[in-house]
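To start, the structure under review is shown below, and the notes come after it.
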Amino acid sequence: MKREVYMDYAATTFVKPEVLEEMNPYFTEYFGNPSSIYYISRKTKMAIDRAREGIAEIINADKDEIFFTSGGSESDNWALKGIAMANGKKGKHIITTEIEHHAILNTCKYLEKHGFEISYLPVDEYGTVSLQELNKAIRKDTVLVSVMFANNEIGTIEPIKDIGKLCRERGMLFHTDAVQAVGNIPIDVQDMNIDLLSMSSHKFYGPKGVGVLYIRKGTKIDSLIHGGSQERGKRAGTENIAGIVGMSKALKIAAQNRDDENRRLIHLRDRLISRILKIPRSRLNGHRTNRLPGNVNVTFDFVDGEILVMTLDSMGIYASTGSACSAGAVEPSHVLTAIGLPGSSAKSSIRLTLGARTTEDDVDYVGDVLENTVSNLRKNNEKWKEEHR
Ligand SMILES: *Cc1c(COP(=O)(O)O)cnc(C)c1O
């Protein structure tokens, strides 16, 4: 049997068996519409309430501040458009960063077409946002700041608590796309002064198609999805009951195992990084230590990232050229460009993300395969040949 190694946990995760088990009754037995009043519906309504409480507790929010959505993209769209629409009279300026996920960047582009002005903060060579730059970008008409908690491509963790503090002091709302952070990094929306936070279940071993937007009590925000009165009238649509139950269970498991699992992943990550950096003309992208426990992003000079990923695929190793969303696009990654990589280096980069099923054996195997594959691919590269004549 061909060996398979999945190293794309930042793109999505499998559903943990305990999560699936928890979800199952809500497909077949307790399928009642939570808006109805008979027994099986009361059951589902209670399950949603429990899930809401469980999730709220983990991020130190109130259950009434948790709104279920269809995932990270919807939560990001809602946060930005909802705040823009509800606060547009106060000001039409929004601050975000150059390295956000496309769910944020393309929503910003949309808002620009509708009269909003967006400032995109630059980042340093590690992908870190600077507080000074943020301070400089603030205007009288700034209504919202949106900075991701941790970057999906290079794994850099942003100074969220400091940003939250600054936003609070300057009277701006603060949203964070925490899709990559939730489950990995402890989050406290009070301590960190976060007003809105996006999460997505399928990035932490829950099902796809379900997420949360945390909205601090008292925040003025318009609805994105209009219709019935679900989610306190703010987000219409019959609830994804099984998805919500599964997401809550997955988050509970993640929170319980976090410290041990992070230690394990950091060990594996650093082992893989050391192994890869032994390959000539290879470089790590992002910060050496201030990065997500499972993230490795590397550049191999004189190797096309896309061809490398396809070659790995043919050998049963699943990696990515950057974010899943930019895969297939010809443009170099906007994140790698923002940290100062020239286009050619950005196109010579791949992302390997580790997770629950990754073993030390996997890491060593991938290290060996990479060394061979990179070396083989370079044999056909004119520039490499020229340098090594
Ligand atoms: C995956 C991801 C999203 C999108 O979440 P979906 O649930 O897939 O819509 C948004 N932001 C970041 C940082 C992500 O990694």
Side-chain angles (χ1 to χ4, degrees), residues 6-15 19 55 66-81 96-110 120-121 123 127-129 146-158 160 163 175-185 187 194 196-214 224-225 235 237 240 243-244 246-248 250-251 254 286 291-297 318-329 333-336 338-339 351-355:
Y6 182 76
M7 285 211 176
D8 206 13
Y9 284 86
T12 194
T13 60
F14 63 90
V15 174
V19 170
I55 291 169
I66 302 295
F67 294 84
F68 294 119
T69 67
S70 66
S73 298
E74 183 188 327
S75 295
D76 285 347
N77 269 261
W78 185 11
L80 267 55
K81 292 175 189 168
T96 186
T97 80
E98 286 180 356
I99 61 163
E100 297 298 310
H101 189 275
H102 282 115
I104 294 289
L105 291 179
N106 287 337
T107 302
C108 285
K109 277 201 197 126
Y110 170 82
Y120 300 89
L121 299 176
V123 292
T128 312
V129 172
S146 180
V147 177
M148 70 198 320
F149 208 119
N151 185 268
N152 48 305
E153 291 190 37
I154 56 175
T156 303
I157 301 165
E158 300 297 341
I160 290 302
I163 296 172
H175 166 254
T176 184
D177 173 344
V179 171
Q180 290 289 333
V182 172
N184 288 314
I185 303 173
I187 295 176
I194 295 166
L196 302 113
L197 176 144
S198 304
M199 65 171 91
S200 176
S201 153
H202 75 100
K203 303 288 174 80
F204 52 85
Y205 308 96
K208 292 169 183 55
V210 61
V212 159
L213 181 63
Y214 154 79
L224 186 66
I225 311 286
R235 199 282 188 182
N240 178 359
I244 288 167
M247 169 168 57
S248 171
L251 188 56
R291 68 190 303 135
L292 288 169
N295 177 287
V296 177
N297 188 308
Y318 308 128
S320 145
T321 47
S323 73
C325 314
S326 64
S333 146
H334 66 285
V335 176
L336 296 178
I339 62 170
R351 179 187 74 181
L352 301 148
T353 43
L354 323 182

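Counting convention: from 1, in listed order, for ligands and their atoms alike. We count residues from 1, following the sequence as given.
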Applying side chain to side chain donor-acceptor pair (under 3.5 Å) to Ser146 and not counting sequence neighbours gives His175
Who are the side chain to side chain donor-acceptor pair (under 3.5 Å) partners of Glu74, not counting sequence neighbours?
Ser70, Arg235
If only atom types and distance count, is the side chain of Arg351 paired as donor or acceptor with the main-chain N or O of Gly155 below 3.5 Å?
no
Taken in chain and number order and not counting sequence neighbours, the residues that satisfy side chain to side chain contact (heavy atoms under 4.5 Å, CB included) with Thr156 are Thr128, Ile154, Glu158
Taking the six-membered ring for Trp, are the ring centroids of Phe67 and Tyr214 within less than 6.0 Å of each other?
no
Check ligand 1 for close polar pairs with the protein: N or O on both sides, less than 3.5 Å.
unit_1	atom_1	unit_2	atom_2	d
ligand 1	7 (O)	Gly72	N	2.8
ligand 1	7 (O)	Ser200	OG	2.6
ligand 1	7 (O)	His202	NE2	3.3
ligand 1	8 (O)	His202	NE2	2.9
ligand 1	9 (O)	Ser73	N	2.9
ligand 1	9 (O)	Ser73	OG	2.7
ligand 1	11 (N)	Asp177	OD1	3.4
ligand 1	11 (N)	Asp177	OD2	2.7
ligand 1	15 (O)	Gln180	NE2	2.7
ligand 1	15 (O)	Lys203	NZ	2.8

Please state whether the rings of Phe14 and Tyr9 are parallel, tilted or perpendicular, taking 30° and 60° as the class boundaries.
perpendicular
